Trainee: 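Could you have a look at this structure, given as structure tokens, before my questions?
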Protein chains: 2
Amino acid sequence: MGLREQKRQETLSRITRSAMELFARQGYEATTIEAIAAAAGISRRTFFHYFKTKDDVLLSQQAGLGEQLIAALAAEPDAGTPMRTVHAAMRRIASSYPLEELVVIDRLMLSIEAVQSRKQANYIRDEKLVLEALRQRWPMEDDMSLRVTAFVAIGCTRLSLDAWRAAGGTRPIVEYLDRAFAALTSDLARG
Amino acid sequence: MGLREQKRQETLSRITRSAMELFARQGYEATTIEAIAAAAGISRRTFFHYFKTKDDVLLSQQAGLGEQLIAALAAEPDAGTPMRTVHAAMRRIASSYPLEELVVIDRLMLSIEAVQSRKQANYIRDEKLVLEALRQRWPMEDDMSLRVTAFVAIGCTRLSLDAWRAAGGTRPIVEYLDRAFAALTSDLARG
DNA sequence: TTGCAATTCTGCACTGAGTGCAATATTTAA
DNA sequence: TTAAATATTGCACTCAGTGCAGAATTGCAA
């Protein structure tokens, strides 16, 4: 890695660290890009060479659920049905979630409408990503079937995170995931 | 309805009509609030008495899926399980969808990132609305069960709309809804 | 009808996000 | 060491969104 790239990484991390600290201290709206740039030791104009918008600084802190899931999916053996395979991958992810970090950033995001929207919209982007991965791996499978599988994958993860958060975050997330799956299966079987 | 309220309605509709026309003609970004206000015969400042942001004009054109579903839910008899009742309500809505309008607005929204995000975020808001309605109607039911029911309600509708649109919008939507439900049920039963 | 209170509309001035451009500084490769 | 490539910066600009205060309009009561 050349000096150029190295400096770029350093600047990038200085921007995000400065921004997150300012956001936490004085709130999102009250923090101007001017202030972030100053704290990171760059000019206002340069900030926009690193991030397209102020929102993007926050969004960049979010781990991409879609990418994670695709990676986990690739590690699963080829034996089962799409749904079965996805289910296993989800459990693997849920068991190893970096919880504390997530919650702090999440609380911050909750307070900003536009960011919250984009975060939630990301779920749908993630779903599309997963759907594409599924289509490549099971090209012969019925398309609607793959659609609902991707939908369940992202949705149940989101649902378990919600339930976990609502419950105060005491029990492990994977437990909520299992309960979501069980409820879904039995409700649909009865319905 | 007094003169005041009547005028307000008229102005509101003048704003949205002017805005949508300008958006369609010259694009979203290229249309300033200044121009919308002028076309609607009001001042720039007054525009903001009617809409909080420019995005909101577009968003306001979207029918609230959550509200629709809650209304349809209220019309269903009390006999079945939550999932069964929701399923019936969904079918009723899907059968009577005003298709053409939806598609035109949708195409416009697709082109604007921020609006698209908020539209998609609305799905999650809708899910929360439905969840609340379900909780009130079935207070004794397991919470996770109601969560997945609300999730399936909104999600399968969205999925069917997507699939319907992807297929060129020829066959009736309710057909896609049934297929989504069937795929979900059988995939989960096998998984 | 008239007068007064409650709303609504408007202009003005301001902040802050985001962009285009051209000049300057830094890094890379030869 | 030098020239090309890339990064940084300042400047000027557009436009969204907000607060405020005065003018215009509407509702209501006498």
Side-chain angles (χ1 to χ4, degrees), chain A residues 1-20 22-23 25-61 108-109 111-119, chain B residues 1-20 22-23 25-61 108-109 111-119:
Chain A
M1 183 167 66
L3 177 56
R4 192 160 265 168
E5 188 61 19
Q6 186 183 324
K7 272 191 150 183
R8 201 179 168 77
Q9 293 304 321
E10 274 169 24
T11 306
L12 193 66
S13 110
R14 244 181 13 253
I15 295 176
T16 44
R17 272 186 292 115
S18 305
M20 294 308 287
L22 287 170
F23 290 162
R25 182 136 47 94
Q26 43 181 248
Y28 182 78
E29 310 286 355
T31 304
T32 66
I33 289 179
E34 183 92 45
I36 298 172
I42 56 168
S43 75
R44 199 182 87 92
R45 194 64 187 78
T46 298
F47 171 90
F48 288 107
H49 286 322
Y50 285 83
F51 291 98
K52 260 182 70 184
T53 69
K54 190 167 139 186
D55 294 356
D56 283 326
V57 181
L58 262 184
L59 266 322
S60 75
Q61 295 300 100
L108 197 58
M109 285 189 169
S111 61
I112 308 133
E113 228 260 349
V115 173
Q116 186 63 9
S117 293
R118 287 189 53 192
K119 187 199 138 182
Chain B
M1 184 167 68
L3 177 56
R4 192 161 263 168
E5 187 60 18
Q6 187 182 325
K7 272 192 149 183
R8 199 178 170 78
Q9 293 304 322
E10 274 169 25
T11 306
L12 193 66
S13 110
R14 244 181 13 254
I15 295 176
T16 45
R17 271 186 292 116
S18 306
M20 296 307 288
L22 287 170
F23 290 161
R25 181 136 45 95
Q26 44 181 248
Y28 182 79
E29 311 285 355
T31 304
T32 66
I33 289 178
E34 184 91 43
I36 298 172
I42 56 168
S43 75
R44 201 182 85 93
R45 195 61 187 81
T46 298
F47 171 91
F48 289 107
H49 285 321
Y50 285 83
F51 291 98
K52 261 183 70 184
T53 70
K54 191 167 138 185
D55 293 356
D56 283 327
V57 182
L58 261 185
L59 266 322
S60 75
Q61 295 300 100
L108 197 58
M109 285 189 169
S111 61
I112 309 134
E113 227 261 348
V115 173
Q116 187 63 8
S117 293
R118 288 188 54 190
K119 185 198 138 180

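Protein chains get the first letters and strands the later ones, always in sequence-line order, with residue 1 at the start of each. Heavy atoms only: backbone and side chains are in, while hydrogens, waters and symmetry mates are out. If you're wondering where the values come from, they're calculated on a predicted model, not measured in any experiment.
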Trainee: Whole Å only: how far is the CG atom of D56(B) from the P atom of dG17(D)?
Mentor: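 These atoms are roughly 8 Å apart.
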Trainee: What are the residues of residues 29-36 of chain A, sorted by number, that bring a heavy atom to within less than 4.0 Å of DNA chain D?
Mentor: none
Trainee: Using a 3.5 Å cut-off and no angle test, enumerate the donor-acceptor pairs between side-chain atoms of residues 10-19 of chain A and protein atoms at least two apart in sequence or in another chain.
Mentor:
{"unit_1": "T11(A)", "atom_1": "OG1", "unit_2": "K7(A)", "atom_2": "O", "d": "2.9"}
{"unit_1": "S13(A)", "atom_1": "OG", "unit_2": "R17(A)", "atom_2": "NH2", "d": "3.3"}
{"unit_1": "R14(A)", "atom_1": "NE", "unit_2": "A40(A)", "atom_2": "O", "d": "2.9"}
{"unit_1": "R14(A)", "atom_1": "NH2", "unit_2": "A40(A)", "atom_2": "O", "d": "3.2"}
{"unit_1": "T16(A)", "atom_1": "OG1", "unit_2": "L12(A)", "atom_2": "O", "d": "3.2"}
{"unit_1": "T16(A)", "atom_1": "OG1", "unit_2": "S13(A)", "atom_2": "O", "d": "3.0"}
{"unit_1": "S18(A)", "atom_1": "OG", "unit_2": "R14(A)", "atom_2": "O", "d": "2.7"}

Trainee: Mind calculating the distance between CZ (R8(A)) and C1' (dA5(D)) to the nearest angstrom?
Mentor: 14 Å
Trainee: Does T53(A) have any side chain to side chain contact (heavy atoms under 4.5 Å, CB included) partners at least two apart in sequence or in another chain, and if so, which?
Mentor: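 T53(A) satisfies side chain to side chain contact (heavy atoms under 4.5 Å, CB included) with D55(A), D56(A), R118(A) once adjacent residues are dropped.
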Trainee: Could you list where the contact with chain B starts and ends along DNA chain C, reading 5' to 3', using a 4.0 Å heavy-atom cut-off?
Mentor: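 First-to-last contact on DNA chain C, by the 4.0 Å heavy-atom rule, is dA6(C) to dC12(C).
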Trainee: In whole angstroms, how far is the C1' atom of dG17(D) from the NZ atom of K54(A)?
Mentor: 13 Å
Trainee: Might you point out which heavy atoms bring E29(B) and K54(B) nearest each other, and give the distance in Å?
Mentor: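 Heavy-atom minimum between the residues: O-NZ, 3.8 Å.
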Trainee: Ring pair (Phe, Tyr, Trp, His ring centres under 6.0 Å) with Y50(B): which residues, sequence neighbours excluded?
Mentor: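 So Y50(B) forms no ring pair (Phe, Tyr, Trp, His ring centres under 6.0 Å) with any residue.
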Trainee: Look at all strands and tell whether F47(A) reaches a base, only sugar-phosphate, or nothing, counting heavy atoms closer than 4.0 Å.
Mentor: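 No contact.
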Trainee: Nearest 0.5 angstrom please: T31(A) OG1 to M20(A) CE, how far?
Mentor: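 If we round to the nearest 0.5 Å, T31(A):OG1 and M20(A):CE are 10.5 Å apart.
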Trainee: Can you give one letter per nucleotide of nucleotides 19-27 of chain D, going 5' to 3': B for a protein heavy atom under 4.0 Å from the base, S for sugar-phosphate only, - for none?
Mentor: BB----BBS
Trainee: Between L12(A) (CG) and dA7(D) (P), how many Å, whole number?
Mentor: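 After rounding, the gap between these two atoms is 13 Å.
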Trainee: Whole angstrom is fine here: how far is it from CZ in F48(A) over to P in dA7(D)?
Mentor: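 Taking atom P of dA7(D) as the reference, CZ of F48(A) is at 18 Å.
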Trainee: Report, as yes or no, whether the 6.0 Å neighbourhood of atom CD on Q26(B) holds more than 12 heavy atoms from other residues, nucleotides or ligands.
Mentor: yes
Trainee: Tell me whether the side-chain N/O atoms of T46(A) come closer than 4.0 Å to OP1 or OP2 in dT8(D).
Mentor: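 Answer is no, no contact under 4.0 Å.
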Trainee: Taking the nucleotide of DNA chain C with the closest heavy atom to each, which residue, R44(B) or T11(B), is nearer the 5' end?
Mentor: T11(B)
Trainee: Which heavy atom of R8(B) sits nearest a heavy atom of H49(B), and at what distance?
Mentor: NH2-O, 3.3 Å
Trainee: What verdict does the side chain to side chain contact (heavy atoms under 4.5 Å, CB included) test give for F51(A) and I33(A), after you've listed the backbone C-alpha separation in whole Å, the side-chain angles of each residue and the deciding distance to 0.1 Å?
Mentor: CA-CA 11 Å; F51(A) 291 98; I33(A) 289 179; over 6 Å; no
